[in-house]
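Before anything else, here's the structure in question.
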Protein chains: 2
Amino acid sequence: MERKTKQKESIINILRQTTSHPDADWIYERVRQEIPNISLGTVYRNLKSLKESGQIQELNSMGEMSHFDGNAEPHYHFRCDCCGRIIDIEGPVDKTIEKRVARKTGFRVTRHSLEVGGLCLDCQRAQNQ
Amino acid sequence: MERKTKQKESIINILRQTTSHPDADWIYERVRQEIPNISLGTVYRNLKSLKESGQIQELNSMGEMSHFDGNAEPHYHFRCDCCGRIIDIEGPVDKTIEKRVARKTGFRVTRHSLEVGGLCLDCQRAQNQ
DNA sequence: TTATTTGCAAATCATTTGCCCGAAG
DNA sequence: CTTCGGGCAAATGATTTGCAAATAA
């Protein structure tokens, strides 16, 4: 099971080549340049299976539609409240957060995600004019 | 503007009386016990306005539908990957995260949200059987 | 061959909106 | 009064799904 298809290959390549955390529709338009008759449903199905196999991440917060991240390594995100862009934050992920919560609550903690928000550089500039 | 109505009163009271982070539909069913002919659209409209005025928080992540939190104070959340429950995590919010990101990136950082995930106590027990 | 994936279109599901009426200020 | 909020139903928009045909293994 888990067949290799040109559709899936193309989707993961596109995702690996961008750092822009695109949504399903953007990916669809991009793939269409290589496979013009691919359907949006196929894009969704492949995004789902790539996510389940841990090859990509799905981001989504505050009533926004899902965005996808070709970088499966854990890392934090910044979301600009003005332009909506999502930007990776460099720097190490603090695994001690999971330990602290586990100790305090007794829950088995296996993941955490941190999103910071505010204004990106471009939008700060735009605002000062 | 911002009128006081029995619909909005009822919704915020319900939200203040629970720690279960319900979704819009659960709230709708609850309010209906007090105001039987309220419409779901009204629930959504009021949740939106309560959120915009900062009286409640909206939570939503990973392709889940929105959940609402009557506690407007900043705090972190635990989401159980098995039963889907969202549980408040006590303990202080670390505002230095925002400062660190701001210093490193130059972005204006005004908020951050942290969600940890794993298995809650009940689901751990259920799994060991 | 034969099980999985695709394309297509229709279906779903949460959420939003238009419109007209009733109620708050 | 006059304007905002409510009820209802229809609209929207992202995502999922059913199905027959295509394709990877």
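The basis for the numbers below is simple: all heavy atoms, side chains too, and nothing from hydrogens, waters or symmetry mates.
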Starting at CZ of B:R85, measure out to SG of B:C80 and round the result to the nearest 0.5 Å.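 One finds 7.0 Å between CZ of B:R85 and SG of B:C80.
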Sorted by number, the residues of residues 25-37 of chain B with heavy-atom contact under 4.0 Å to DNA chain D: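 Nucleic-acid contacts, sorted: B:N37.
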Between A:H67 (NE2) and D:dT15 (P), how many Å, whole number? 9 Å
Answer yes when B:E58 and B:K48 have at least one side-chain N-carboxylate O distance shorter than 4.0 Å, and no when they do not. no
Heavy atoms only, 4.0 Å cut-off, all strands: where does B:D23 land among base, sugar-phosphate and nothing? nothing
With B:S10, the side-chain contact (heavy atoms from CB on, under 4.5 Å) member among B:N46, B:L15, B:I35: B:I35
Between A:Q7 and D:dT23, does any side-chain N or O lie under 4.0 Å from OP1 or OP2?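 Looking at the OP1 and OP2 atoms of D:dT23, neither is under 4.0 Å from any side-chain N or O of A:Q7.
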Residues that B:K95 engages under salt bridge (charged side-chain N to carboxylate O under 4.0 Å, His left out), provided they are two or more places apart: B:E98
Any residue meeting salt bridge (charged side-chain N to carboxylate O under 4.0 Å, His left out) with A:R125, in chain and number order, not counting sequence neighbours: A:D122
My understanding is that only residues two or more places apart in sequence, or in another chain, count here; which of them pass salt bridge (charged side-chain N to carboxylate O under 4.0 Å, His left out) with A:R32? A:E29
Any residue meeting side chain to side chain donor-acceptor pair (under 3.5 Å) with B:S53, in chain and number order, not counting sequence neighbours: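 Applying side chain to side chain donor-acceptor pair (under 3.5 Å) to B:S53 gives B:Q55.
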Atom pair OG1/CG of B:T18 and B:N13 - distance to nearest 0.5 Å: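 Rounded to the nearest 0.5 Å, the OG1-CG separation comes to 12.5 Å.
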Are OP1 or OP2 of C:dA9 and a side-chain N or O of A:S39 less than 4.0 angstrom apart? no
Let me check something: any side-chain donor-acceptor pairs from residues 37-45 of chain B under 3.5 Å, sequence neighbours excluded? List them with distances.
unit_1: B:S39; atom_1: OG; unit_2: B:T42; atom_2: N; d: 3.4
unit_1: B:S39; atom_1: OG; unit_2: B:T42; atom_2: OG1; d: 3.2

Members besides B:V93 in its Ile/Leu/Val/Met/Phe/Trp/Tyr cluster (side-chain heavy atoms under 4.5 Å):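 Other cluster members: A:Y76, A:F78, A:I87, A:I89, A:V93, A:I97, A:V101, A:F107, A:V109, A:L114, A:V116, A:L121, B:Y76, B:F78, B:I87, B:I89, B:I97, B:V101, B:F107, B:V109, B:L114, B:V116, B:L121.
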Within this structure, what is the NE2-CD distance for the pair A:H67 and A:Q57, rounded to the nearest 0.5 Å? 14.0 Å
For nucleotides 23-25 of chain C, which of its nitrogen or oxygen atoms have a protein nitrogen or oxygen under 3.5 Å away, and what is each distance?
unit_1: C:dA24; atom_1: N3; unit_2: B:R3; atom_2: NH1; d: 3.4

Protein-nucleotide distance (B:F68, atom CZ; C:dT15, atom C1'), rounded to Å: 9 Å
With sequence neighbours left out, which residue pairs that include part of residues 23-42 of chain A fulfil the ring pair (Phe, Tyr, Trp, His ring centres under 6.0 Å) condition?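 Listed by first then second residue: nothing to list.
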So if I take the C1' atoms of five pairs at each end of the helix from C:dT1-D:dA25 to C:dG25-D:dC1 and get each local axis, what angle do the two axes make, rounded to 10 degrees?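 Computed angle between terminal axes is 40°.
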Atom NZ of A:K8 and atom C1' of D:dA24 are separated, to the nearest Å, by 12 Å
Applying salt bridge (Lys or Arg N to Asp or Glu O under 4.0 Å), which residue pairs with at least one partner in residues 5-17 of chain B are found, sequence neighbours left out? B:E2-B:K8
Identify the pairs formed between an N or O of the protein and an N or O of nucleotides 16-18 of chain D at a distance under 3.5 Å, and give each distance.
unit_1: D:dG18; atom_1: O6; unit_2: A:R45; atom_2: NH1; d: 3.3

